[in-house]
Amino acid sequence: MNQTLKNAIQEVDALPEDEQEELGRALMDMAIRKKIDALLAEAESEGGEIPAEEVFRDLRQRYGA
């Protein structure tokens, strides 16, 4: 974990529980989007096309979204 993220976690730790929950959910959304972007970029770099329905089905199964 890099220092910026460590510092942010320390700041969040000082917040009330409900605000921590809100920030945690926002961070999780961002992390999932990054994973999805990486998977799509990987598929694109391999030159293959995957139907959108298949991609989203697999992502929902994998990440529980």
Side-chain angles (χ1 to χ4, degrees):
M1 183 179 325
N2 74 30
Q3 192 60 43
T4 301
L5 189 53
K6 287 178 186 179
N7 292 343
I9 289 172
Q10 286 177 345
E11 293 297 325
V12 170
D13 194 39
L15 296 173
E17 189 72 25
D18 61 330
E19 292 181 17
Q20 290 181 23
E21 183 71 24
E22 179 185 351
L23 289 169
R25 287 181 190 179
L27 181 57
M28 183 61 75
D29 287 347
M30 290 174 63
I32 290 171
R33 285 187 186 115
K34 293 286 185 183
K35 284 183 181 182
I36 291 169
D37 288 346
L39 290 170
L40 293 174
E42 180 182 343
E44 188 176 302
S45 73
E46 293 174 359
E49 290 188 18
I50 303 171
E53 297 83 16
E54 185 179 332
V55 170
F56 289 112
R57 183 195 70 233
D58 292 347
L59 292 171
R60 284 188 185 103
Q61 287 175 350
R62 186 177 298 178
Y63 300 111

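Residues take their numbers from the sequence shown, with the count starting at 1.
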To the nearest 0.5 angstrom, please state how far the [atom1] atom of [X] sits from the [atom2] atom of [Y].
X	Y	atom1	atom2	answer
Thr4	Lys6	OG1	NZ	10.5 Å
Leu59	Gln61	CG	CD	9.5 Å
Met30	Met28	CE	CE	12.5 Å
Leu27	Ile32	CG	CD1	10.0 Å
Asp29	Lys34	CG	NZ	13.0 Å

Item checked: Test log, rule side-chain contact (heavy atoms from CB on, under 4.5 Å), inputs Arg62 and Leu39 -> CA-CA 12 Å; Arg62 186 177 298 178; Leu39 290 170; 3.8 Å; yes

Next item on the list: Return yes if a side-chain donor-acceptor contact under 3.5 Å exists between Asn7 and Glu11, otherwise no.
Entry: no

Margin query: Can you give me the closest heavy-atom contact between Met1 and Ile9, atom names plus distance?
Written below: SD-CD1, 3.5 Å

Item checked: Heavy-atom side-chain contact between Arg57 and Arg60 under 4.5 Å -> no

